[in-house]
Amino acid sequence: MQIGEISQRCGITVRMLRFYEAEGLLQPHRTGSGYRDYSEADLEEAKRIKQLADAGLTVEAMHDLLPCIISPKPTFHPCDRLRARLEGEVAKLDQRLADMERSRSQIVGYLADLPVDTLVPMSQD
DNA sequence: ATTCTAACA
DNA sequence: TGTTAGGA
């Protein structure tokens, strides 16, 4: 399939698909005319990359993580770095969760103090 | 119509 | 990351 199709099917922009390839995360075949030719396997990997990207992982982290997920057999060479990397990610997420909870209570506080008679008539639709 | 590379403001 | 130029 061409880049446009896989883009729609995995939710990664064409721009990002080319970027990830340059980073070595995806290696689609090329047609005679130089167009990228993605396989179903590439699509599945792209979907995994999508999830990792959504999870906030860097290309670096994905490089360590993907090999461990792809191969059915323990290719645990990169998994040492992987463990450290994932622990670091969890730490960062914990920090962000803490920060967000502070923001949340802050806003909930404002909401609680908000007068009840501030509603304005809605415009017609 | 679609994609390719490279580079821009 | 978007966008654009200039080709294929």
Side-chain angles (χ1 to χ4, degrees):
Chain A
M1 71 187 87
Q2 296 188 304
I3 197 171
E5 183 182 342
I6 191 178
S7 173
Q8 295 182 188
R9 297 221 265 162
C10 73
I12 298 176
T13 63
V14 169
R15 178 79 149 82
M16 280 297 111
L17 282 168
R18 295 194 182 115
F19 174 71
Y20 289 142
E21 180 181 345
E23 295 299 306
L25 291 176
L26 282 171
Q27 22 217 260
H29 293 174
R30 294 296 183 124
T31 66
S33 52
Y35 282 21
R36 272 162 269 249
D37 181 37
Y38 296 89
S39 65
E40 291 302 315
D42 290 327
L43 174 60
E44 294 311 305
E45 181 162 343
K47 287 178 179 175
R48 279 185 261 118
I49 291 176
K50 216 304 189 206
Q51 295 186 299
L52 298 180
D54 288 346
L57 294 191
T58 64
V59 170
E60 279 257 28
M62 295 186 210
H63 257 118
D64 292 336
L65 183 56
L66 287 176
C68 291
I69 296 181
I70 296 175
S71 57
K73 304 175 181 180
T75 308
F76 290 138
H77 315 114
C79 284
D80 285 325
R81 280 189 176 181
L82 178 60
R83 176 173 298 281
R85 203 135 246 160
L86 293 181
E87 287 174 343
E89 293 299 334
V90 170
K92 288 182 195 170
L93 289 172
D94 284 342
Q95 180 59 59
R96 289 173 52 194
L97 280 174
D99 291 343
M100 289 177 76
E101 296 224 4
R102 282 204 290 82
S103 299
R104 195 190 121 82
S105 4
Q106 184 81 193
I107 293 177
V108 166
Y110 291 145
L111 195 54
D113 293 341
L114 213 57
V116 295
D117 57 65
T118 54
L119 290 181
V120 158
M122 292 187 292
S123 57
Q124 305 80 350
D125 51 284

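Owing to the predicted nature of the structure, the values given are computational and were not obtained by experimental measurement. A, B, ... follow the sequence lines: proteins, then strands. Residue 1 opens every chain.
With rounding to whole Å, A:I3 atom CD1 is found 20 Å from C:dA8 atom P. Look at CD on A:Q2: it is 8 Å from P on B:dC4, rounded to the nearest Å. Whole-Å rounding puts the A:I6 CD1 to B:dC4 P distance at 12 Å. Across the protein-nucleic acid pair, A:I12 atom CD1 and C:dG2 atom P stand 12 Å apart, rounded to whole Å. Taking atom CZ of A:F19 as the reference point, atom C1' of B:dT5 lies 16 Å away to the nearest angstrom. One atom, CD of A:Q8, and another, C1' of B:dT2, lie 12 Å apart when rounded to the nearest Å.
No donor-acceptor distance shorter than 3.5 angstrom exists from the side chain of A:D54 to the backbone of A:Q51, with no hydrogens or angles considered.
The 12-atom threshold is not exceeded at CZ of A:R104, counting heavy atoms of other residues, nucleotides or ligands nearer than 6.0 Å.
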Checklist entry - Would A:R96 and A:D99 count as a salt bridge (Lys or Arg N to Asp or Glu O under 4.0 Å) if you check the C-alpha gap in whole Å, the side-chain angles of each, and the deciding distance to 0.1 Å? => result CA-CA 5 Å; A:R96 289 173 52 194; A:D99 291 343; over 6 Å; no

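Between A:R48 and A:E44, none of the side-chain N atoms (NZ, or NE/NH1/NH2) sits under 4.0 Å from a carboxylate O, so this pair counts as no salt bridge.
The base-pairing partner of B:dA9, taking Watson-Crick or G-U wobble contacts with both distances under 3.5 Å, does not exist among the strands shown. Across every strand in view, B:dA1 sits unpaired, with no contact that passes the Watson-Crick or G-U test at under 3.5 angstrom.
Picking from B:dT5, C:dG2, B:dT2 the nucleotide with the shortest atom distance to the side chain of A:R30 gives B:dT5.
Regarding contacts with the backbone of B:dC4, a side-chain N or O of A:R18 is found under 4.0 angstrom from either OP1 or OP2.
Taking for each of A:Y38 and A:R15 the nucleotide of DNA chain B with the nearest heavy atom, the 5'-most of the two is the partner of A:Y38.
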